[in-house]
S.K.: 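Can you keep this structure in mind? I'll have questions shortly.
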Amino acid sequence: MLFDDPDIKETIASVLVPVAVPGAYTYKVPPGQSVVPGTIVKVPLGSREVIGAVWDIEPDAAINPNKLKYISRVYDTTPPLDKDLRRFVDWVANWTLGAPGMVLRMVLRSEEALEPEAPVPGVRRIEGAEPERSTAARSRVLATMEDGFAWTRSGLAHAAGVSASVIDGLLHHNVLEAVLLPAAPPPPKPQLDYARKTLTPAQEAAVAGLVKCFDTATGSVSLIDGVTGSGKTEVYFEAIAEALRRDRQALVLLPEISLTEQFLRRFEQRFGVYPAEWHSEITVKNRTRVWRGVASGDVRVVIGARSALFLPFRELGLIIVDEEHDAAFKQDDRVPYSARDMAVVRGHLSKFPVVLASATPSVESRVNADLGRYELFELPERASGADLPELDAIDMRVEGPERGRWLAPRLVHALKDTFAAGGQSLLFLNRRGYAPLTLCRTCGHRFQCAHCSAWLVEHRFQKKLVCHHCGHFEKVPDKCPSCQGVDTLVACGPGVERIAEEVSDLFPQARTLVLSSDLPGGPERLKREMKIVEEGGADIVIGTQLVAKGHNFPKLKLVGVIDADLGLAHGDPRAAEKTFQLLAQVTGRAGRVHGGGIGLLQTYCAEHPVIRALLSGDKAAFYKAEIDARRSAGLPPFGRLAAVIVSGPDKTFAEGYARALARAAPADQAVTLLGPAEAALAMVRGRYRFRLLAMAPRQFDLQSYLRHWLACGPKPSRGLRVQVDIDPQHFL
DNA sequence: AGCACGCCGACT
DNA sequence: GTCGGCGTGCTC
């Protein structure tokens with residue numbers, strides 16, 4: 001036999017397996033089979049079989065040849081992963097200090113897609129055959145089939161307006177026969193000139209600039225900074241059209257699944273077809289279809305969540321990251337990566353343009369634009385010509401409401417006027433529940449979470465006290481657990497439920513609606529209510545941060561922010577930035593379509609740079625203040641870096657890596673290497689911008705510092721975890 | 001004794 | 001990431 005011949009050396013290949021091991025494993029290639037780098041294979045690993053990809057066909061001499069196993073299957077109908085994608089996987093693994101196999105796992109997320117496409121079962125008329133007994137339903141089916149073509153069972157039932165059992169009956173009586181239809185045809189291609197909109201001069205300029213980026217042989221990054229309603233989407237569409245014109249695929253990354261739906265619709269209006277959709281909640285069938293289509297090139301445009309960045313595009317030529325400042329682009333579990341940053345990397349490796357867009361860019365992107373690393377396109381006006389909302393602060397120390405009320409008189413007046421004029425108002429308060437703190441007026445007892453030190457938030461609708469940190473909840477007791485006093489508990493401070501109470505008190509005739517993620521009815525009800533608001537079926541809406549993005553509210557005239565300072569006081573070094581982004585987003589919704597919007601911010605510190613920048617509309621002032629503030633706080637000035645936490649048994653490797661990073665970093669990147677205990681302290685003091693993912697269970701010091709953190713956050717797990725939060729721009 | 005659970009190393 | 005081995009501690 002061929003492979004017994006000692007003269008013929010067996011071919012071996014290194015294969016990346018989807019497990020957390022540092023590198024590729026070596027396998028023997030079965031005789032008669034051939035693989036190339038990128039070929040997807042199935043290999044035995046321990047007691048199971050896993051999907052992996054050939055990473056290298058160089059023999060690795062270090063492994064005992066007797067230990068080598070055979071590749072058990074070669075997926076030769078699936079195109080091998082191309083060089084750029086393999087480099088990208090390695091790059092991300094290297095950046096996140098993760099195992100390359102774990103990154104590859106994100107690419108191979110649809111095992112079904114590797115099987116050759118199965119033909120679809122269908123039915124066809126047997127020529128000349130007539131049913132013994134004809135019924136109305138049967139005749140409708142036969143009439144529908146007049147053209148002689150084969151149909152799918154459910155498609156035919158639907159078209160003829162009968163149930164599938166009628167078809168089964170006809171099959172049984174040999175009037176129809178079962179046939180196999182060729183698999184679904186590729187999806188229709190977007191039509192470049194289907195409905196091109198007239199663009200404003202600013203939009204045209206941005207489009208022209210982006211089109212030029214396609215000629216940059218090295219790839220480039222652009223930042224579109226456009227106010228809410230400035231028509232960023234129309235600009236993306238023209239960039240996408242350019243990519244398609246150049247026979248390249250395009251990818252649009254959105255931070256949240258809930259935003260995809262309206263994006264899909266708008267894409268359809270522009271290009272006449274729906275783009276492919278990719279996120280964790282699509283069905284297995286669609287997932288398979290999109291994965292295959294992207295790899296074959298049949299799918300030209302994908303709209304997706306961060307995981308879409310790892311799809312095996314055949315000829316990707318553009319990535320657009322919408323709402324680039326959004327923290328949802330960061331993945332915290334498994335491989336911790338920032339999809340926005342890794343999109344920049346993927347574009348760099350494959351030399352195509354990447355577009356970051358936001359009405360409130362992150363500080364690091366703004367700095368990159370200021371330094372000329374990114375092209376900057378500004379869209380300062382609304383595309384509809386509507387004015388930006390007029391914003392004003394209500395200083396609660398001067399014109400606050402009476403005790404026990406939360407809406408300042410001026411805001412109440414504005415609500416009254418807006419309601420009288422038939423406009424819609426939104427009261428924004430980023431605090432779920434009725435009241436953030438409950439205490440006993442007799443003994444001062446405060447309700448605290450048993451698992452962490454956070455206050456318990458009263459939820460009056462649900463009659464519960466809930467910890468918003470870890471999810472713990474208990475029933476609202478009828479007497480104080482400390483002094484046994486009856487009816488002594490008082491709610492302190494407002495939550496959306498309490499604001500709603502005040503609103504129905506003040507405006508009993510108005511249609512009010514609370515939008516908060518924790519209300520009974522779940523996501524479906526929320527979706528319905530969003531729609532009601534969209535259609536103008538509510539006069540006063542009280543909402544938490546989920547009203548900040550997504551749906552467009554055309555009738556919205558007034559936005560009142562209840563506690564504009566909320567979030568500014570926290571230790572989070574990004575607090576100012578996050579607050580600015582959130583408030584700019586939510587107030588930007590007022591008068592978005594028809595203009596004439598008003599925003600009122602209730603605040604206790606009207607001089608805060610965030611509030612001042614919001615009121616003046618001078619974004620540049622905000623960014624300047626923020627960069628200065630970080631500098632004087634000893635934080636890395638450009639919002640890019642921060643710290644590398646090293647913990648776990650394999651410290652040597654991570655420390656070596658961290659030192660190399662520190663050495664390679666330019667002078668403006670204060671890379672700091674912290675041991676676990678220092679890291680814990682630094683985090684408690686809010687000195688560094690990093691997140692803790694997990695840590696080795698044996699790090700006692702760290703655990704005692706962070707008991708609270710651990711009680712609420714991710715479970716400790718063994719092994720090495722390192723979080724690097726550094727802009728990769730310098731390392732490209 | 002029997003097994004549930006957590007820890008840990010191995011996986012080519 | 002997943003499996004299997006092993007020790008600990010608790011229950012039918």
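Basis for what follows: all heavy atoms, side chains included, without hydrogens, waters or symmetry-related copies. Letters A, B, ... are given to chains in the order of the sequence lines, protein chains preceding strands, and every chain is numbered from 1.
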S.K.: Drop me the distance from A:Ile303's CD1 to A:Glu277's CD, to the nearest 0.5 angstrom.
M.R.: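 Interatomic distance, A:Ile303 CD1 to A:Glu277 CD, rounded to 0.5 Å: 9.0 Å.
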S.K.: Can a side chain N or O of A:Lys69 be found less than 4.0 Å away from OP1 or OP2 on B:dT12?
M.R.: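 Checking A:Lys69 against B:dT12: at least one side-chain N or O falls below 4.0 Å of OP1 or OP2.
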S.K.: Round to a whole Å and report the spacing from OH of A:Tyr27 to C1' of B:dT12.
M.R.: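 To the nearest whole Å, that distance equals 5 Å.
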S.K.: Take the protein atom OH of A:Tyr70 and the nucleotide atom C1' of B:dC11, then report the distance between them rounded to whole Å.
M.R.: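 It works out to 20 Å between those atoms.
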S.K.: How close or far is atom P of B:dC11 from atom CZ of A:Arg105, stated in whole angstroms?
M.R.: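 Result: 20 Å.
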S.K.: What is the distance from CD1 of A:Ile51 to P of C:dG1, rounded to the nearest Å?
M.R.: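 Answer to the nearest Å: 18 Å.
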S.K.: Using whole Å, report how far CG of A:Leu45 lies from P of C:dG1.
M.R.: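 One finds 14 Å between P of C:dG1 and CG of A:Leu45, rounded.
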S.K.: Quick one: closest heavy-atom pair of A:Arg86 and A:Pro37, and the distance?
M.R.: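 Scanning both residues, the minimum pair turns out to be NH1-CB, 3.1 Å.
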S.K.: Identify which nucleotide among C:dG1, C:dC3, B:dT12 has an atom closest to any side-chain atom of A:Ser47, counting heavy atoms from C-beta outward.
M.R.: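 Of C:dG1, C:dC3, B:dT12, C:dC3 is nearest to the side chain of A:Ser47.
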S.K.: Between A:Lys28 (NZ) and B:dT12 (P), how many Å, whole number?
M.R.: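 My rounded result for the distance is 12 Å.
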S.K.: CD of A:Glu49 versus C1' of C:dT2: gap in Å, rounded?
M.R.: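 About 14 Å, once rounded to whole Å.
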S.K.: Parallel, tilted or perpendicular: which one describes the rings of A:Phe310 and A:Tyr337, with boundaries at 30° and 60°?
M.R.: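 Because their plane-to-plane angle is over 60°, the rings of A:Phe310 and A:Tyr337 count as perpendicular.
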S.K.: How many Å lie between OH on A:Tyr25 and C1' on B:dA10, as a whole number?
M.R.: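 It is 7 Å, rounded to the nearest whole Å.
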S.K.: Are A:Lys28 and A:Tyr70 in a cation-pi contact, defined as NZ or CZ under 6.0 Å from the six-membered ring centre and within 45° of the axis?
M.R.: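 Yes - A:Lys28 lies over the ring of A:Tyr70, closer than 6.0 Å to its centre and within 45° of its axis.
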